[in-house]
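In what follows, every chain begins at residue 1, and chains take the letters A, B, ... in the order their sequences are listed. What you see below is based on every heavy atom in this structure, not just the backbone, and it leaves out hydrogens, waters and symmetry mates.
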Amino acid sequence: MSAHPTYMLDRCEVADSHTLKVYRENGGYEALEKVLKTPLSPEDVIAVLKDSGLRGRGGAGFPTGLKWSFMPDVAKDDRPRYLAVNADESEPGTCKDRVLLREDPHGLIEGILIACYAMRAEAAYVYVRGEYRLPYERVAAAIDEARAAGLVGENVMGTDFSCQIWMHKGAGAYICGEETGLMESLEGKRGHPRPKPPFPAGYGLWGNPTTVNNVETIQNVPFIVSRGAEWFRSMGTEKSTGNFLCGISGHVERPGVYELPFGLSARSILEEVAGGVWKGRELKAFFPGGSSTGVLPAGSIDVAMDHDSVKGAGSMFGTGAMIFMDETTCVTRIAEVTLRFYEHESCGQCSQCREGTQWLHQIFRRIERGQGTMDDVDMLSTLASGMAPGKTICALSDAAAIPTHSVVKHFRDELEEHVRLGRCPLAGTSQPVGAGA
Amino acid sequence: MTLAPALVAELDELVTHYPEKRAALIPALHRIQEENAGWISPELMEACAGYFGLEPVEVWGVVSFYPMFRTTPPGKHLVNVCHNISCELRGARDVIDQVCRVTGASVHGTSADGRFTVETVECQGACANAPMMEIAGEYHEDLDAAKVERILGDLA
């Protein structure tokens, strides 16, 4: 693999990268100064973002500039408007925003300020998952530093622009990473997603115009403003521009969070970035972008890691969180673990999701224990087809159905072998421990 | 029961961050739980409801929805072990076994001496350093049996 330019993680490797002093020494807040002092108009900023091709890094890959442009015209709508930053990172396999929050909190703050300026938002809320204690403390301390330096609050950098940034702590519910679930939670309620439409830009926090962006998405903004759309488009592919943070976990020699351009093959990421499958073993399967994306078999390892290519291979780019499984892995057990997760995280509003995730979990569990029937294998597909697509308020039901379909499609032989043998054919994987298995 | 005056003063500042008071409910519940040795009693839910002008059942609805809120007292140390995919692939079940062996607690249970409560939790976002456990807000990563024993042994 040829060396590729990086930008997001460069600063994170400097000692005390989380402090205002070090951030400023490394070009920090120059993009904000460029916006406020040139000055660029909000429309100019949105135009640069659109031109850059930046797509959201939270899983859906929606174009960021376009999303921002959905906020209503201030001349016709004078309601207060908000930015909510989604730092509720909890898609299994995804561990990238934690690095940014911890090591580069001022990069996030600068991005938030530029985003709020562009969308004319008066305040931003950073919704951090409750378990991220150190990342939360780092961002909170950085906001205090920035406020004391006149960068957050009234009259930012002595201009007419004012913007508040508040921290908000979640409490362990995956569904609050869904943008409307996040807003309900931010309002102090259960994280029950809202039907869409209305979309957040029209009816968001407290019924006001709101945009929800992922941490990594926001972190890209100052770089694009400073260096330009053309620079950004010089990395990645035509439709997936820039670099992304790739969280690599599972059975590899060098798991980690790596900054990579879109478009590298999954094979080169596995072999050259992650050091290959561990223990000299062969690859069996991988999730390309978190547990909500379809599991792909080893034969798909040459897929290019960009939104369109992964979709073409029958899965999704998701959060770019790649989970690799070696040849000894019981994929049925991994499906059981995955569906246990979705059962646990279903908010319970929609019956297809509330009941369907339980049934899928139970069926995978009994197949893995050697207690399933051949009918169970077909029942997995039937149930998953009743859960998605588009049958529920939010996409959690889809997120459970998609890996289910992919396991039945690519690993039907393994499921059926469990049924035929009446036990797990893969040694050592069917021994549950504790009460939590 | 009412909330302690120092906590009320803190919440009075917190609610100014939002256009509606109720928005501070979840951060407030975190603080209430921290001040009450890691759990929220029915009496504290009532006191919290009183502060926010809500019905107690509304607070209960929120508390019961979010996994980080506990309605029973944990042991002195709450050990949360991740059992999601990336940790499962790298030995989470061995870690859970080891945690239970060293603490004498079963999963979702508290040791007889009251020192440890062990829980399994879903993905904590430490996947590249699996397997992991979290104790008092601190992540312990890249675990093996020896490391688990040492970490638990170091707890007072």
C347(A), A321(A), S291(A), G191(A): which one forms the most heavy-atom pairs within less than 4.5 Å of chain B? G191(A)
Of E119(B), K21(B), E141(B), the largest count of non-hydrogen pairs under 4.5 angstrom with chain A goes to E141(B)
When you check the side-chain N and O atoms of R340(A) and H83(B), is any donor under 3.5 Å from an acceptor? yes
Verify the ring-centre separation between F287(A) and F324(A): is it less than 6.0 angstrom? no
Which portion of E345(A) sits near chain B, non-hydrogen atoms under 4.5 angstrom: side chain
When G247(A), S185(A), G348(A) are compared by non-hydrogen pairs under 4.5 Å with chain B, the top option: S185(A)
Segment of Y139(B) engaging chain A (4.5 angstrom heavy-atom cut-off): side chain
Is the distance between the ring centroids of H17(B) and Y125(A) under 6.0 Å? no
What part of I248(A) is in contact with chain B, defined as an atom under 4.5 angstrom from a non-hydrogen atom: side chain, backbone, both or neither? backbone
R129(A) portion near chain B, given a 4.5 angstrom heavy-atom threshold: side chain
I'd like to know if R31(B) and E10(B) make a salt bridge, using a cut-off of under 4.0 Å between side-chain N and carboxylate O. yes
Under 4.5 Å from any heavy atom of chain B, what part of Y174(A) do you find: side chain, backbone, both or neither? neither
Less than 4.5 Å apart, side chain to side chain, heavy atoms only: is that true for L155(B) and F116(B)? yes
Can you tell me if CD on E34(B) sees more than 12 non-hydrogen neighbours from other groups inside 6.0 Å? yes
E58(B) with K189(A): basic N within carboxylate O range, under 4.0 Å: no
Is it the backbone or the side chain of H30(B) that comes under 4.5 Å from a heavy atom of chain A, or both, or neither? side chain
Exercise: do H361(A) and Y342(A) side chains pair donor with acceptor under 3.5 Å: no
Which bit of L205(A) comes within less than 4.5 Å of chain B, counting heavy atoms only: side chain, backbone, both or neither? neither
Electrostatic pair R190(A)-E184(A), nearest N-O below 4.0 angstrom: no
Out of V81(B), N84(B), L25(B), return the one with the most heavy atom pairs under 4.5 angstrom to chain A. N84(B)
Using a 4.5 angstrom heavy-atom cutoff, name the option from G256(A), A123(A), S90(A) with the most pairs to chain B. G256(A)
Heavy-atom distance under 4.5 Å to chain A: side chain of A130(B), backbone, both or neither? neither
Contact winner vs chain B - M167(A), H168(A), H192(A), heavy-atom pairs under 4.5 Å: H168(A)
Given heavy-atom pairs under 4.5 angstrom as the criterion, report whether the side chain, backbone, both or neither of E134(B) touches chain A. neither
Less than 4.0 angstrom from a charged side-chain N to a carboxylate O is my criterion; do K96(A) and E216(A) meet it? yes
Residue of the set W206(A), Y203(A), W166(A) for which ring pair (Phe, Tyr, Trp, His ring centres under 6.0 Å) holds with Y82(A): W206(A)
E131(A) versus chain B, the contacting section by heavy-atom distance below 4.5 Å: both
Most contact-rich option vs chain B, by heavy-atom pairs under 4.5 angstrom, among P255(A), G172(A), A171(A), is A171(A)
In terms of heavy-atom proximity below 4.5 Å to chain B, should C176(A) be classed as side chain, backbone, both, or neither? side chain
Using heavy-atom distances under 4.5 Å, tell me whether A105(B) contacts chain A through its side chain, its backbone, both, or neither. neither
Between N214(A) and N86(A), is there a side-chain donor-acceptor contact under 3.5 Å, judged purely by atom types and distance? no
